[in-house]
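The chains referred to below are lettered A, B, ... by the order of the sequence lines, with proteins before strands, and numbering in each begins at 1.
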Amino acid sequence: MLDIQFIRNNTDLVKTSMANKGETDTSIVDQVLEIDSHWRQQVTEVESLRQESNSRSKEIGIMMAQGKKEEAQQIIKETGEMKEKIKDIEESSTDLKNKRDDLLLRIPNVAHESVPVGRNEEDNKVHATWGEPMKKTWHLPHWEIAEEHGWLDFKRGSKVAGAGFPFYLDGVARLQRALISFFIDKAVEKNYKEIQAPFFVNEDSARGTGQIPDKEDMMYVIPRDEFFAIPTAEVPVTNYFRDEIIQDNELPIRLVCHTPCWRREAGSYGKHVRGLNRLHQFDKVELVKFVHPDHSYDELESLKRDAEELLEALKLPYRTLLMCTGDMGFTQTKKYDLEVWSPGQEQWLEVSSCSNFESFQARRMMIRHRDKEGNVSILHTLNGSGLALPRVVAAILETYQHENGEVKVPEVLQSYFGREYL
RNA sequence: GGAGGGAUGGCAGAGCGGUCGAAUGCGGCGGUCUUGAAAACCGUUGAGGCGAAAGUCUCCGGGGGUUCGAAUCCCUCUCCCUCCGCCA
């Protein structure tokens with residue numbers, strides 16, 4: 001959610017940014033401002049009425065104390081009438097405020113000036129590349145090599161849960177466990193605090209991080225108990241500090257959290273969802289930061305590096321994309337995607353997305369910080385995957401594959417894995 | 001799941017239905033004193049909305065109600081604590 005004052009003062013910027021993100025109809029901004037000014041009028045009106053009524057009521061108290069009952073009765077009659085009036089106007093003003101805030105939630109975040117303007121993924125900028133994408137020779141796609149070894153069971157996954165809920169076995173199960181430990185350990189080395197979070201959240205939390213109302217359909221819902229299955233650890237971990245004020249000397253706060261992630265992925269079928277490319281449930285290690293507004297872009301760069309270094313340690317060639325305005329999403333001001341090379345499929349697979357939200361999420365969640373002078377203001381939040389498991393597993397199965405079908409364990413993982421081959 | 005108790009500012013903890021946005025203590029910040037620090041003393045210190053400002057309004061877990069007036073009374077929800085039951 002953007003600051004209403006910011007929208008008042010930067011109306012054109014908000015509209016332009018909205019258009020750059022691909023929203024053709026920007027009239028919602030004008031609607032918000034119109035309702036807002038109407039609301040402010042009514043607030044002023046209610047307040048002056050209430051002021052009068054408050055001071056009259058105080059007089060009553062004094063008169064009662066002095067025993068002037070008849071005079072008090074007269075004022076009681078007057079304030080009674082005012083009360084009716086206040087109730088009327090107040091009703092319509094809270095109505096306006098709700099309407100305004102509903103619309104406000106539908107205005108996307110403003111992109112940072114360093115973000116390239118563009119329509120879709122073709123306009124993203126390659127920000128960095130690392131390693132040489134391996135040519136496909138004998139390399140099998142991961143689902144084939146995994147089948148040969150009995151490492152993945154999609155069939156039984158479908159039987160037991162449904163498509164997109166595979167079983168992992170033996171070498172791959174062990175590999176995932178090793179990766180999770182490795183990712184968390186690396187993050188802890190870089191001063192992220194390890195945290196384990198609830199896998200279900202309530203509606204307030206889902207709204208806080210912006211899954212509601214924008215991306216409701218991505219989540220699984222447990223209606224009886226009014227829970228949402230988390231689509232990413234971002235949701236519970238960012239909401240950890242909801243409605244709190246953090247002292248400046250405690251910032252930045254960096255957290256690392258491993259969770260399963262559930263995504264409905266409605267409407268995506270076909271080739272690009274084969275194997276581990278796209279699942280309804282997958283594991284991910286997530287990095288989340290709460291930072292002082294002055295430092296959020298530095299923190300974004302270091303966040304991105306933290307994720308990149310994981311791929312470098314695994315010796316998996318990757319590229320980093322700076323996402324353009326049109327491909328960026330509703331809540332971010334700037335976003336990098338990390339894509340790992342999949343030699344068996346000869347394509348790039350997204351394994352991390354590192355974003356700065358500035359105050360957009362924190363404002364919804366009322367996460368604030370207090371400086372030394374005691375001033376309170378909204379802080380900035382960021383998050384990035386470090387990393388999403390299945391596609392990293394896919395890349396390892398394909399990249400570390402020998403011609404004889406053996407798959408080697410990446411060197412940095414061997415101490416976690418306990419042996420040299422899967 | 002059953003029975004009872006509770007929720008007040010960063011923390012602890014007061015608060016007859018009327019000048020209570022809230023005593024007091026601790027903590028924080030500023031100052032005096034000191035070579036420096038501690039101690040002591042003085043001052044200051046919740047959040048939010050509207051407003052250029054003066055100011056004003058709202059908030060004592062959430063929501064609703066009674067009343068001219070609610071932190072204080074009533075209803076309801078949530079959460080926490082104690083006891084019983086169940087349980088990895």
Enquirer: Given the P atoms of B/rC83 and B/rG30, what is the spacing between them in whole Å?
Expert: 45 Å
Enquirer: Provide the distance between the two P atoms, one in B/rG1 and one in B/rC86, to the nearest whole Å.
Expert: 15 Å
Enquirer: Cation over ring, A/Lys304 on A/Tyr336, under 6.0 Å and within 45°?
Expert: yes
Enquirer: With a 3.5 Å limit on both atom pairs, tell me what B/rG1 is paired to, counting Watson-Crick and G-U wobble, or say none.
Expert: B/rC84
Enquirer: Expressed in angstrom and rounded to an integer, what is the separation of A/Asn98 atom CG from B/rG63 atom P?
Expert: 12 Å
Enquirer: With both distances under 3.5 Å as the test, what is the Watson-Crick or G-U wobble partner of B/rG18?
Expert: B/rC68
Enquirer: In whole angstroms, how far is the C1' atom of B/rG64 from the CD atom of A/Glu91?
Expert: 14 Å
Enquirer: Is the distance from OP1 or OP2 of B/rC57 to the nearest side-chain N or O of A/Asn54 less than 4.0 Å?
Expert: yes
Enquirer: Say you pick atom P in B/rC60 and the same atom in B/rA54; how far apart are they, in whole Å?
Expert: 26 Å
Enquirer: When the C1' atoms of B/rC20 and B/rA38 are considered, how many whole Å apart are they?
Expert: 37 Å
Enquirer: Taking B/rG51 as the reference, what is the distance to B/rG62 when you measure between their C1' atoms (whole Å, please)?
Expert: 29 Å
Enquirer: Applying side chain to side chain contact (heavy atoms under 4.5 Å, CB included), run through A/Arg106 and A/Ile28 and close with a yes or a no.
Expert: CA-CA 8 Å; A/Arg106 288 164 203 280; A/Ile28 188 171; 3.7 Å; yes
Enquirer: Using whole Å, report how far NZ of A/Lys87 lies from P of B/rG65.
Expert: 6 Å
Enquirer: Starting at atom CD1 of A/Ile86, determine the distance to atom C1' of B/rG69, rounded to an integer number of angstrom.
Expert: 12 Å
Enquirer: Start at the 5' end of RNA chain B and walk down; is the nucleotide closest to A/Met366 or to A/Ser55 reached first?
Expert: A/Met366
Enquirer: Between A/Arg368 and A/Ser53, who's closer to the 5' end of RNA chain B by nearest nucleotide?
Expert: A/Arg368
Enquirer: At a cut-off of 3.5 Å, list every protein nitrogen or oxygen paired with a nitrogen or oxygen from nucleotides 49-55 of chain B, distance to 0.1 Å.
Expert:
from	atom 1	to	atom 2	distance (Å)
B/rG49	N2	A/Glu47	OE1	2.5
B/rG49	N2	A/Glu47	OE2	2.2
B/rC50	OP1	A/Arg8	NH2	3.1
B/rG51	OP1	A/Arg40	NH1	2.1

Enquirer: Quote, to the nearest angstrom, the C1' distance that separates B/rC74 from B/rU67.
Expert: 12 Å
Enquirer: Whole angstrom is fine here: how far is it from CG in A/Asp243 over to P in B/rC79?
Expert: 16 Å
Enquirer: B/rG69 C1' sits how many Å from A/Glu84 CD, rounded?
Expert: 16 Å
Enquirer: Touch check for A/Arg56, heavy atoms < 4.0 angstrom, all strands: base, sugar-phosphate only, or nothing?
Expert: nothing
Enquirer: Taking the inter-plane angle between the rings of A/His149 and A/Trp151 on a 0 to 90° scale, is it parallel (under 30°), tilted (30 to 60°) or perpendicular (over 60°)?
Expert: parallel
Enquirer: Can you tell whether the side chains of A/Asp101 and A/Lys97 come within less than 4.0 Å, N to carboxylate O?
Expert: yes
Enquirer: May I ask you to say what A/Val46 touches in the nucleic acid, namely base, sugar-phosphate or nothing, with a heavy-atom cut-off under 4.0 Å?
Expert: nothing
Enquirer: With a 3.5 Å limit on both atom pairs, tell me what B/rC59 is paired to, counting Watson-Crick and G-U wobble, or say none.
Expert: B/rG46
Enquirer: Expressed as a whole number of angstroms, how long is the span from A/Ile89:CD1 to B/rC57:C1'?
Expert: 14 Å
Enquirer: Just N and O in the side chain of A/Arg370: are any of them under 4.0 Å from OP1 or OP2 of B/rA47?
Expert: yes
Enquirer: Pick one: which of A/Thr331, A/Val237, A/Thr232, A/Thr238 meets side-chain contact (heavy atoms from CB on, under 4.5 Å) with A/Thr209?
Expert: A/Thr238
Enquirer: Before accepting this row, confirm whether a basic side-chain N of the pair A/Lys15/A/Asp12 lies closer than 4.0 Å to the acidic partner's carboxylate O.
Expert: no
Enquirer: Where the side chain of A/Ile60 is concerned, which of B/rU58, B/rA47, B/rG18 is the nearest nucleotide?
Expert: B/rG18
Enquirer: Determine whether a donor-acceptor pair (N or O, by modelled atom type, separation under 3.5 Å) exists between the side chain of A/Arg254 and the backbone of A/Leu287.
Expert: no
Enquirer: When the C1' atoms of B/rU45 and B/rA22 are considered, how many whole Å apart are they?
Expert: 15 Å
Enquirer: Rounded to whole angstroms, how far apart are CD on A/Gln247 and C1' on B/rC11?
Expert: 12 Å
Enquirer: Within the 4.0 Å heavy-atom criterion, would you say A/Thr79 contacts the bases, only the backbone, or no part of the nucleic acid?
Expert: sugar-phosphate
Enquirer: When the ring planes of A/Tyr220 and A/Phe165 are compared, do they come out parallel, tilted or perpendicular, using 30° and 60° as the limits?
Expert: tilted
Enquirer: What integer number of Å spans the C1' atoms of B/rG25 and B/rA14?
Expert: 11 Å
Enquirer: Using Watson-Crick or G-U wobble geometry with both distances below 3.5 Å, tell me the partner of B/rA37, or none.
Expert: none
Enquirer: Tell me whether A/Glu309 at atom CD has more than 12 heavy atoms from other residues, nucleotides or ligands lying less than 6.0 Å away.
Expert: yes
